[in-house]
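As structure tokens, the structure follows; a few thoughts come after it.
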Amino acid sequence: MAVLVQKYGGTSVGDAEKIRHVAGRIAAARRAGNSIAVVVSAMGDTTDRLIELAESVSGAPDPRELDVLLSTGELVSCTLVTMALREIGEEAVSMSGAQAGIRTDTAHGSASIVEFDAERVQQALDAGRIVIVAGFQGVTHEMDVTTLGRGGSDTTAVALAAALGAERCEVYTDVDGIYTADPRIVPDARKLSEIGYEEMLELASYGAKMHPRSIELAAWYNTPVLVASSARDVPGTLIHEVAPTEAGVEGEGMEVANKVRGVTYERGVARITLRAVPDRPGIAAAVFEPLAESNISVDTIVQNASAERLTDLSFTVDRTDLRAALEVTEGVAGAIGAGECVSHDNLGQVSIVGTGMQNAPGVAAVMFSALAEAGVNIEMITTSQIRITCVVDEGQVNDAVRTLHDAFELGEG
């Protein structure tokens, strides 16, 4: 039997009717002769409601206890899907992350999987059962419950597929694939029939649907991932190893699409600027090491040219991390003899991605000119070989996405 791992997102299991529908899809895949393991997210907005509940009883919920609370959302989905499968005559068993053998580090709220012993899952599959695993969670070696961060069920699913040597991982959600832009913002965005791991990782890191860690794992273990709709039987997007010349989108316009494959965005970005930073060796480490020790991820970093041996250092973090990041940075400022620490919490970022950009002069010029003509001010810029990201005012994100999608002719027709 071929082993398939399926993952269903929160909207796909949002109520009893949807759960029964998902159970039917799982059963159909099993009856087609496959050995099936499934990962599920929490129902609908359960995670948000649990966070609100925690904050209603504590101004600063303890990270360990918050992880225990949030993990219950996936357990509810997991058991309900299992019950629905049993109701239609399928042998199924539910497992928490711990029962499935997922071990993580100790970074509560954003833990990373360090070990996946899938023996118990494999034994259940060998016995002819469908295994339903709670996503988004694991346990440390000390048996403390951890969560993997927003979108962490994607990571659970890909890690499970890799551990089982599955033929592929199928991610079912409320969209039917990966698009050249968010269709809610750009109505004529086109669906990609396939995309390589490298491009998808850049898209995921800067706002696209999949969790970046899941793409890293998929690339590392060369596990193909299909992103498709749980509600409609239409072709999805296959994420796999693709040579740049093979990458394509449905429809025409391949010449431009091979340079820029997609436009993505992210809201909720905050910037911290440390003024009058002494310009000497070791200062950057002194600033960013304490942030890393506090499990605060830093994205874009810009340092101004030194004047009189002093410089300004700016960097971005997720807005939810701003308060903690400010506390750390203000403490560092005093220790290194820097000036004031200021912040701006109303930012977003927009990115263009494409492997064709590596050898395509003028892409950056087109991007910056298009944004300028649309009146979008660029606050910060960061790049990789296949990505250019601009930090802009959050209120201008939608305009920026539409402008760039048009500038690179990525739309239908």
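Residue numbers run from 1 in the order of the sequence given. Both backbone and side-chain heavy atoms feed into the values below; hydrogens, waters and symmetry mates do not.
- The salt bridge (Lys or Arg N to Asp or Glu O under 4.0 Å) test applied to Arg49 returns Asp45, not counting sequence neighbours.
- In summary, the side chains of Asp299 and Gln349 do present a donor paired with an acceptor at a separation below 3.5 Å, with no hydrogens or angles considered.
- With sequence neighbours left out, the side chain to side chain contact (heavy atoms under 4.5 Å, CB included) criterion links Glu330 to Leu326, Cys341.
- Between atom OG of residue Ser110 and atom CG of residue Asp321 there is a gap of 8.0 Å, rounded to the nearest 0.5 Å.
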Under 3.5 Å, which donor-acceptor pairs link side chains of residues 50-58 to any protein atom two or more places apart or in another chain?
| unit_1 | atom_1 | unit_2 | atom_2 | d |
| --- | --- | --- | --- | --- |
| Ser56 | OG | Leu53 | O | 2.5 |
| Ser58 | OG | Ala60 | N | 3.3 |
| Ser58 | OG | Ala60 | O | 3.3 |

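- Separation of atoms NE2 (His405) and CG (Asp182) is listed at 10.0 Å; rounding is to 0.5 Å.
- Counting only residues at least two apart or on different chains, the ring-ring contact (aromatic ring centres under 6.0 Å, His included) pairs with a member in residues 297-347 are Phe288-Phe315.
- To the nearest 0.5 Å, the span separating CD1 on Ile19 from CG on Leu80 amounts to 4.5 Å.
- The stretch residues 22-47 participates, sequence neighbours left out, in no ring-ring contact (aromatic ring centres under 6.0 Å, His included) pair at all.
- For Asn34 (side chain) and Ala29 (main-chain N/O), a donor-acceptor pair under 3.5 Å exists by modelled atom type.
- In this structure, Glu74 and Phe136 approach most closely via the heavy-atom pair OE1-CD2, 3.4 Å.
- From Arg30, atom CZ reaches atom CZ of Arg129 across 12.0 Å, with rounding to the nearest 0.5 Å.
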Salt bridge (charged side-chain N to carboxylate O under 4.0 Å, His left out) assessment of Arg20 paired with Asp15: CA-CA 9 Å; Arg20 286 192 293 268; Asp15 56 36; over 6 Å; no

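- The number of heavy atoms from other shown groups lying within 6.0 Å of CG (Asn222) is above 12.
- Here the closest heavy-atom approach between residue Ile178 and residue Thr237 is recorded as N-OG1, 2.9 Å.
- Thr147 and His108 share no donor-acceptor pair across their side chains, judged by distance under 3.5 Å alone.
- Looking only at distances, a side-chain donor or acceptor of Glu199 sits under 3.5 Å from a matching main-chain atom of Thr355.
- Considering all non-hydrogen atoms of both residues, Gly59 and Arg323 come closest at O-NH2, 4.3 Å.
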Salt bridge (charged side-chain N to carboxylate O under 4.0 Å, His left out) between Glu394 and Arg319, worked out: CA-CA 12 Å; Glu394 189 170 46; Arg319 187 156 55 209; 3.1 Å; yes

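- Partners of Asp48 by side chain to side chain donor-acceptor pair (under 3.5 Å), not counting sequence neighbours, listed by chain and number: Arg150.
- Ion pair Arg275/Asp312 flagged as a salt bridge, since at least one NZ, NE, NH1 or NH2 atom sits closer than 4.0 Å to an Asp/Glu carboxylate oxygen.
- For the atom pair OG (Ser94) and CD1 (Ile130), the distance works out to 12.5 Å, reported to the nearest 0.5 Å.
- A ring-ring contact (aromatic ring centres under 6.0 Å, His included) check over residues 155-175, counting only residues at least two apart or in different chains, returns the pairs Tyr8-Tyr172.
- Residues that satisfy the salt bridge (Lys or Arg N to Asp or Glu O under 4.0 Å) test with Arg309, not counting sequence neighbours, are absent from this structure.
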Verdict with reasoning, Met210 to Val225, per side chain to side chain contact (heavy atoms under 4.5 Å, CB included): CA-CA 10 Å; Met210 294 288 292; Val225 178; 4.0 Å; yes

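- In the model, Thr300 has no side-chain atom that pairs as donor or acceptor with a side-chain atom of Thr382 under 3.5 Å.
- Partners of Ser297 under the side chain to side chain donor-acceptor pair (under 3.5 Å) rule, at least two apart in sequence or in another chain, do not exist in this structure.
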Pair Val376-Gln396, side chain to side chain contact (heavy atoms under 4.5 Å, CB included): steps then yes or no: CA-CA 7 Å; Val376 177; Gln396 293 186 302; 3.9 Å; yes

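- Applying the salt bridge (charged side-chain N to carboxylate O under 4.0 Å, His left out) test to residues at least two apart or on different chains, the pairs with a partner in residues 83-111 are Arg31-Glu90.
- From His211, atom NE2 reaches atom CG of Leu148 across 7.5 Å, with rounding to the nearest 0.5 Å.
- A side-chain contact (heavy atoms from CB on, under 4.5 Å) with Ile215 holds for exactly one of Asp154, Ile239, Thr155, Leu203; it is Ile239.
- Judged as a salt bridge (Lys or Arg N to Asp or Glu O under 4.0 Å), and not counting sequence neighbours, the contacts of Asp144 are Arg64.
- Side-chain atoms of Thr156 come within 3.5 Å of backbone atoms of Gly152 as a donor-acceptor pair (strictly under, hydrogens ignored).
- The side chain to side chain donor-acceptor pair (under 3.5 Å) test applied to Ser153 returns Ser41, not counting sequence neighbours.
- Between the side chains of Glu202 and Ser384, at least one donor N or O lies within less than 3.5 Å of an accepting N or O.
- In terms of modelled atom types and a separation under 3.5 Å, the side chain of Thr46 and the main chain of Ala42 share no donor-acceptor contact.
- Side-chain N/O atoms of Thr146 and Thr104 include a donor and acceptor closer than 3.5 Å.
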